[in-house]
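Report on one structure; see the data block that follows.
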Amino acid sequence: MTDIVDPHVVAAAGDPPDVPDATHGLSHVTSTGISNEKLGMWVFLGSECLLFGGLISTFLLYKNRAGYGDLNETPHELYDILFTSISSFVLLMSSLTMVLAVSAIQRGDHRALRTWLAATALMGGIFISGQVYEFKEFLNAGYGFTHSPAWSAFFGLTGFHGVHVTLGIIMLLSCILLSLSGRIRQDNAESVEIVGLYWHFVDVVWIIIFTVVYLIK
Amino acid sequence: MSADATTVPAPAGDTHADEHHGATDGLFVKTAIILAIITAIEVAWSYLPWSDWGDGTAMVLIEVGGLIIMMGVKFVIVASVFMHLRFDSKVLTRVFYAGLALAIAVYVGTLATFEFFTGGHSWN
Amino acid sequence: MASTDGTLALGTGTEAPARPMGVFARPRNTPGWRGWVTTVDHKRIGIMYGAAALFFFLIGGVEALLIRAQLAAPEGKLLSADLYNQVFTMHGTTMIFLAVMPIGAAFMNYLIPLQIGARDVAFPRLNALSFWSFLFGGVILNSAWFLGGGADGGWFNYAPNNGVIFSPSHGIDFWNLGLIFTGISSLVGAVNLITTVLNMRAPGMTLMRMPVFTWMSFVTQFLLLFAIPVLTSAQFLLLFDRLFGARFFDVSMGADPLLWEHLFWIFGHPEVYIMILPAFGIVSEIIPVFARKPIFGYPFMVFSGIAIGFMGWGVWAHHMFASGIGPISVAAFSVATMFIAVPTGVKILNWLATMWGGKLKFTAPMLYSIGLVTMFTIGGLSGVTHAVSPADTQQTDTYYIVAHFHYVLFGGALFGFVGGWYFWWPKVFGFKLSDYHGRINFWILLVGFNLTFGPMHILGLQGMPRRTYTYRTGYGFNFWNLVATIGAFMIAASFLYFFWIIWRSYRQSKVDAVALSGDPWDSRSLEWMVPCPTPAHNFDVTPTVHALDDFWHRKYDEDENGRLVRIAATEDVSQDGSATDVHLPSPSYWPFVLAAGFPFVAWGLIFNMWLCVIGGIAIVSALWGWVVEPSVDPEGEHGPHDDHHPTADDSPAEAEAGASEEAALVD
Amino acid sequence: MTGRARSTTARVIPLAVGAVLFLASCASGDNAPQDSLQPESPQARTIYNLIMPVFAVAGIVFFLVLFGAIYVGWRFRAKDDEDFAEFPEQVHGNFKLEIGWTILPALVLGVVGIFTVITIFDLAKKPADDAITVEVIGQQWWWEYRYDIDNDGVADEIITANDMVVPTGRDIALKIQSRDVIHSWWAPRLHGKKDAVPGRIHPLTIHTDETGEYIGQCTEFCGLSHAEMRIKVVSVTPEEFDAWVEAQMAPVVNPQDEAAIQGWSTFASTCTSCHHVRGMTDPASVDGDASPSTATAEFDYPDLINQVAGAAPDLTHFMSRSTFAGAMFDLRKDTDECNALGHTWASTEEGIEKCLNRTDLEAWLRNAPEMKAMYAGESMTPESRGMPNFNLSEDQIDQLVAYLITLK
Ligand code: HEA
Ligand code: HEA
Ligand code: CUA
Ligand SMILES: [Cu+2]
């Protein structure tokens with residue numbers, strides 16, 4: 001077996017040079033050079049596009065089918081664009097704090113990591129509170145989830161997104177806890193980065209929702 | 001990332017240095033400012049009295065087109081800078097944008113069959 | 001194992017986390033059933049996929065026999081209208097989601113890591129989760145039979161007939177929830193296998209050196225990755241409509257039922273290629289081996305597969321030619337659909353060209369492969385006649401369609417799978433299936449298959465609608481229905497024969513136990529380099545790949561005249577499976593526990609929220625256990641060469657992916 | 001085989017055509033009334049003319065692949081294990097060949113595609129201006145037809161079920177709709193199918209050249225009795241059609257004989273929560289034994305209680321139909337003699353005497369859910385569909401039938 005090489009050195013890129021095997025095959029190096037976890041997360045996010053796409057399309061198809069009789073207002077007629085703009089802005093800025101958290105742990109700055117994570121989670125929390133408030137306003141106006149296709153689609157889409165944000169907050173808080181217990185180290189900063197990817201994704205989805213669902217009439 | 005970085009516990013400081021070519025905190029803050037500005041323009045844009053200006057439908061097209069473009073720009077900025085796509089392997093960009101492109105294609109196709117493509121003899 | 005990538009290791013390294021949960025002491029390589037429940041070995045998971053899928057195939061088959069018995073003669077009285085509707089719905093759903101897809105998954109799980117020279121998949125525990133959530137999804141779906149009746153809306157379950165008013169039993173809720181969980185299984189599997197193929201290839205294994213089977217699986221996984229969420233989004237809408245009174249499909253409030261049709265078929269058409277591509281991959285492996293020639297036009301085979309996968313996204317509305325989407329859309333989708341015949345034709349002809357000029361040996365796997373080439377072509381061609389949309393308005397929802405899709409699904413996918421069973425059986429179980437009986441079985445199956453589904457072409461063109469529990473004399477339906485029923489029982493007989501062959505071959509292998517070489521067919525790809533059955537660690541040493549069909553080229557080379565000559569004895573270039581110090585991911589309870597929570601959530605949503613709480617507790621505790629459990633047990637058995645593992649490892653991202661799956665089902 | 005197969009290529013074409021003809025001939029006329037390969041209208045013929053050449057192309061490709069596989073298999077088989085152990089020439093591919101068999105099918109399909117697109121738009125044309133508009137309304141599990149003869153966009157008061165009567169030689173513009181779930185309207189010898197999707201109106205133009213009955217069936221799965229949601233298009237001469245229209249517009253005549261009067265009042269009390277009879281007067285307004293013709297008060301229909309679709313068959317001119325209950329049962333006996341009477345079979349006492357399928361009609365009134373699978377339920381709820389069992393006495397049934405046969 002002369003052609004066994006150290007996979008540390010060569011990853012599927014043409015004919016490898018001959019280097020004696022040192023690892024018995026248990027490779028820490030991947031063919032693409034990216035870790036499995038990060039690649040897996042991105043692959044997963046690619047698929048999430050189709051999931052959110054389905055719900056966004058449902059909303060676009062139904063947005064004017066708001067109901068009959070007295071309670072026939074579309075979501076667009078009830079939006080408070082300024083309010084939503086502010087909460088969207090908060091969510092957008094949480095992407096900044098998230099990325100600063102990642103950069104902090106890459107520097108090995110654990111305190112900054114926790115601070116930024118907390119800030120991110122807090123901003124996510126503000127966004128969710130805003131959403132809860134908005135939902136309550138609509139409910140008070142008489143429009144619930146079961147009112148009409150338009151309202152089902154509105155609550156379905158934004159609620160679904162809200163659940164994603166909530167899950168993200170839970171992940172952020174877990175990261176803070178793990179960091180406090182010393183389980184997040186500089187050399188596994190990637191775990192924070194991956195949580196960050198999820199968080200940013202939830203944010204970019206909102207960028208789309210904010211424009212397509214709120215701003216465009 | 002380099003092989004060493006993944007296998008050998010590296011000394012503090014330079015672990016990922018090679019990975020984030022130029023992705024500094026300064027860049028992130030600048031990016032955020034740009035995003036904030038675009039968002040402000042978006043909201044203002046949507047408040048402009050488009051339909052009062054000239055030919056109504058054309059104006060609405062401009063309004064919507066503008067919003068879509070700004071949305072796209074924001075999306076790409078967040079994905080490339082905050083999500084590091086610009087600095088990472090192209091594979092990541094491909095799988096993610098493949099999903100996105102596919103989603104846009106099939107859903108735009110679907111909505112189009114609902115809205116426009118009746119053609120022929122129709123009762124609706 | 002890259003899943004235990006050092007960068008992601010949690011913990012300080014000094015304090016190896018103790019047994020995470022007292023009761024659930026970390027399982028070791030336990031023998032017996034616990035070993036199977038806790039396994040994260042892609043091979044064992046593959047075997048479980050296969051076994052469970054075969055079991056569901058029998059259920060689906062028995063349902064098919066009920067259908068055929070009912071339709072043997074006009075005015076059949078075996079099943080009531082209501083029961084018949086449940087039976088064909090469950091037949092279609094079971095065959096597609098619980099039989100053909102998971103049989104494909106079985107092959108992919110077992111073979112992909114071996115063919116690319118890896119020790120396991122990228123995320124071994126997620127792999128186990130895939131299997132268990134498929135199994136429990138199937139349990140949820142079929143539990144309907146005992147809890148008030150199966151789904152009765154047809155496998156594509158159009159709105160608004162799938163609403164509570166029109167289908168007040170809980171059958172469709174079981175259908176919906178069951179398929180959401182099998183969807184999670186497929187999605188997790190897709191993330192896993194895509195990452196595996198991209199990231200875990202042996203040195204030198206470039207993409208264009210991967211076996212065609214791995215390539216087709218890779219394309220399949222992308223189709224799953226992007227198609228499943230579309231179905232899931234439709235299912236959420238239905239779920240909220242049925243269980244929480246939403247209005248997504250309430251026509252009286254202005255909803256449009258075509259939304260469901262679009263969403264379903266955006267998923268549904270890629271789905272049919274999800275079912276056929278692995279089988280295409282399988283025959284692409286088998287034919288070269290028994291033709292003693294390399295696959296003809298490897299790049300064309302690969303790119304046609306990619307093309308099929310790609311074009312498969314632009315044709316969904318060919319299932320809706322009669323649904324009133326308007327002539328412009330119909331024309332566009334018609335033409336798009338036709339052109340899928342082009343890459344598929346390339347495959348068919350390349351297989352024939354592979355055989356051309358070869359030395360053909362008609363073993364059972366080879367016969368089944370040729371069966372696929374010919375029978376699938378029949379189905380494919382009837383597919384093209386559907387694509388001619390004006391004609392499809394005469395064909396759709398008749399038995400002509402039923403004929404089409406059984407030819408592609410049974411004559412295509414299943415023939416390929418059975419061939420694959422014969423081919424890889426020795427690799428998986430260490431003994432060969434009787435080839436003699438296999439060949440006889442092939443002919444019985446071929447005749448039975450054509451008797452069953454051939455006449456359906458005629459029935460359909462004569463105007464027999466599908467999904468009808470009865471028909472009348474005077475329409476010309478009687479004779480051919482009887483023939484089809486006879487054929488169906490012949491298929492059943494041939495499967496009973498198949499099980500007998502397995503049993504007999506097993507006995508035989510015990511009686512005259514000849515040690516089986518790792519390479520019984522003189523094959524080409526890496527999995528044949530390791531012993532039969534495959535040792536737990538796959539490869540003693542990771543092979544370095546220099547060419548397509550690398551293992552073949554280790555055995556043979558061309559001389560000056562371009563003739564093939566043997567350059568090494570097979571044993572000399574094979575591995576003997578004797579390595580002892582290989583680190584393997586450790587078994588885990590959590591994937592099982594997590595998935596076991598699913599049925600409770602589902603039943604809870606249907607019957608009583610408290611059951612959800614039970615399921616939720618299982619899920620949350622499993623997630624927690626998963627996160628704190630290192631994916632390689634620090635106290636587990638492994639060899640002395642431990643120095644690459646300075647720390648106890650864990651992979652939070654794996655858990656996160658699990659968590660967002662969770663998100664999907666909580667929503 | 002080896003030698004012959006090659007020279008057979010030329011003979012493959014007739015074989016393929018033969019196979020198609022075989023398919024077509026498997027059913028002839030009478031014994032396959034739903035055959036889609038026996039077109040009898042311009043539209044169905046257009047489709048037929050499109051698909052037959054495609055079948056031929058498919059047949060040819062099939063025979064090429066099948067015989068190709070058999071030929072290759074035969075010619076290149078390994079004679080024995082020794083032979084198998086030898087290696088054939090190792091061909092890895094042939095770019096030109098492969099490009100060839102990529103392009104060739106593409107060209108074939110391109111041609112097929114062009115004709116397909118032409119046909120699609122041909123069939124989607126606007127119907128002729130003098131077309132009669134018929135609203136085709138699907139519901140679980142029967143079809144209702146409403147006519148707009150003069151095509152003024154307002155449905156005339158012609159509401160019928162099961163049998164759709166049309167004149168020959170005129171375009172019939174169908175407006176296909178549904179009141180509950182998706183159905184699909186299909187009369188194979190006239191046209192391909194078109195789904196009836198609730199909330200939408202789908203167009204389909206049919207046209208008959210010859211008088212006769214064209215049958216079909218609902219083909220989109222629509223629940224329990226999808227198998228028995230049948231279709232019958234009755235094509236008559238234009239004169240007969242005009243007569244039919246006139247008869248349909250005519251108001252009902254109140255019954256005269258004793259049993260029928262009894263039936264009338266049972267009907268008014270039991271059946272009118274679902275069924276309507278246009279112009280029916282209120283039996284309660286008949287004073288004493290004065291003639292029913294003196295009953296003048298319009299009948300005041302109660303609200304419909306249990307049909308999800310919101311309707312049950314209109315019975316105004318029930319006897320002008322040849323079938324009932326979603327065309328599942330014959331109303332007119334299915335004998336040559338009775339069929340010869342056409343759609344006016346019930347216009348005479350004698351016709352009714354001889355041809356009324358009394359057995360099934362009575363059985364229907366006795367216990368409808370036993371005759372046809374429906375979700376009628378023991379008690380009527382807003383979700384139930386179909387006609388319930390009213391536990392009527394035999395006398396009541398006789399009286400109801402006596403009444404129903406007056407609805408000519
Ligand atoms: C494995 C699954 C599978 C596969 C591979 C296919 C392959 C194809 N299918 Fe099929 N299809 C189904 C499974 C599958 N289908 C199912 C399950 C349904 C019904 C769902 C339901 O309603 O329940 C369905 C329904 C279905 C419809 C809708 C019918 C209707 O309901 O009205 C249509 C319409 O266009 C269609 C078309 C095609 C085409 C064009 C192909 C093509 O990919 C085929 C291409 C292959 C060939 C053509 C043969 C080889 C080619 C050559 C030898 C080259 C030369 C050929 C020519 C020049 C023509 N299929
Ligand atoms: C891969 C998918 C697949 C497979 C393999 C099959 C296999 C078979 N199908 Fe399938 N079928 C579908 C997918 C499949 N089907 C789908 C998607 C539909 C549409 C459903 C819908 O309309 O919603 C359908 C619908 C369908 C219909 C139309 C029903 C209707 O429209 O009313 C019919 C009718 O004949 C039929 C028959 C059969 C038969 C006879 C087999 C046979 O080949 C089955 C052979 C297998 C066996 C017979 C089991 C063998 C073993 C034994 C019998 C041993 C016994 C063992 C024990 C007792 C333990 N199928
Ligand atoms: Cu109505 Cu099927
Ligand atoms: Cu399809």
Side-chain angles (χ1 to χ4, degrees), chain A residues 8-9 11 28-30 32-35 38-39 41-43 45-54 56-57 60-61 81-82 85 88-89 92-93 95-100 102-104 106-108 185-187 189-190 193 196-197 199-201 203-204 207-208 210-212 214-217, chain B residues 1-7 9-10 12-13 15-17 19-20 23-25 28-29 31-32 35-36 39-40 42-43 45-47 60 63-64 67-68 70-71 74-75 78-79 81-85 88-89 91-93 95-104 106-108 110-111 114-115:
Chain A
H8 282 220
V9 179
H28 293 278
V29 168
T30 62
T32 56
I34 313 154
S35 77
K38 191 163 169 183
L39 180 57
M41 180 50 106
W42 273 107
V43 171
L45 294 182
S47 128
E48 288 264 286
C49 293
L50 278 288
L51 189 63
F52 275 103
I56 293 175
S57 313
L60 291 181
L61 180 67
I81 294 288
L82 273 185
S85 303
S88 304
F89 181 75
L92 190 65
M93 287 305 117
S95 265
L96 174 64
T97 52
M98 183 71 232
V99 87
L100 292 177
V102 175
S103 139
Q106 283 168 351
R107 283 194 314 272
R185 300 180 319 277
Q186 185 175 7
D187 62 309
E190 202 189 58
E193 190 184 337
L197 285 180
W199 187 261
H200 295 306
F201 177 75
D203 183 25
V204 288
I207 290 180
I208 296 182
F210 178 59
T211 305
V212 172
Y214 284 87
L215 293 184
I216 296 178
K217 286 154 221 107
Chain B
M1 73 190 65
S2 77
D4 290 346
T6 60
T7 48
T15 323
H16 289 268
E19 198 185 335
H20 302 284
T24 59
D25 288 4
F28 296 142
V29 174
T31 308
L35 287 171
T39 308
E42 270 188 316
V43 176
W45 185 274
S46 77
Y47 273 91
V60 169
E63 176 188 7
V64 172
L67 286 174
I68 298 270
M70 286 185 275
M71 170 187 96
K74 279 166 74 182
F75 187 104
V78 174
V81 180
F82 288 167
M83 298 172 90
H84 296 191
L85 275 184
D88 262 332
S89 161
V91 182
L92 304 181
T93 313
V95 285
F96 181 64
Y97 280 110
L100 184 71
L102 197 60
I104 293 173
V106 294
Y107 292 124
V108 168
T110 301
L111 290 173
F114 276 109
E115 299 295 329

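Proteins come first, then strands; the chains are lettered A, B, ... in the order of their sequence lines, and each starts at number 1. Just the heavy atoms: all of them, side chains too, but no hydrogens, waters or symmetry mates, feed the values below.
Proximity to chain B (any heavy atom under 4.5 Å) is shown, for A:L82, by both the backbone and the side chain. Contacts of A:S57 with chain B are made by both backbone and side-chain atoms, with heavy-atom separations under 4.5 Å. For a residue to count as touching a neighbouring chain, one of its non-hydrogen atoms must lie under 4.5 Å from one of that chain's; by this rule B:T39 touches chain A with the side chain only. Contacts of A:Y214 with chain B are absent, with no heavy-atom separation under 4.5 Å from either backbone or side chain.
Taking chain B as the reference chain and counting heavy-atom pairs below 4.5 Å, the highest number among A:L215, A:V43, A:I56 is found for A:L215. Contact count versus chain B (heavy atoms, under 4.5 Å) is highest, among A:G196, A:G54, A:S85, A:G108, for A:G54. Per-residue counts of heavy-atom pairs under 4.5 Å with chain B were compared for A:L197, A:I207, A:L100, A:L39; the largest is that of A:I207. Contact tally against chain A (heavy-atom pairs below 4.5 Å) for B:L92, B:L102, B:T110: the top residue is B:L92. Options A:I216, A:D203, A:V212 differ in how many heavy-atom pairs under 4.5 Å they form with chain B, and the most are formed by A:I216. Interface remark: of the candidates B:F28, B:Y47, B:Y97, B:F82, B:F82 forms the most heavy-atom pairs closer than 4.5 Å to chain A.
Taking every heavy atom of both residues into account, B:M71 and B:E42 meet most closely at N-OE2, 3.7 Å. Closest approach of B:V78 and A:L92 over heavy atoms only: CG2-CD1, 4.5 Å. Minimum interatomic distance between A:S95 and A:W199 (heavy atoms only, all atoms of both residues): N-NE1, 4.3 Å. Nearest approach of B:A36 to A:M93, heavy atoms of both residues: CB-CE, 4.0 Å. Between B:F96 and A:C49, the shortest heavy-atom contact is CE1-SG, 3.8 Å. Considering all non-hydrogen atoms of both residues, B:G99 and A:L50 come closest at O-CD2, 3.3 Å.
In summary, A:R107 and B:D25 engage in a salt bridge, as defined by a charged side-chain N under 4.0 Å from a carboxylate O.
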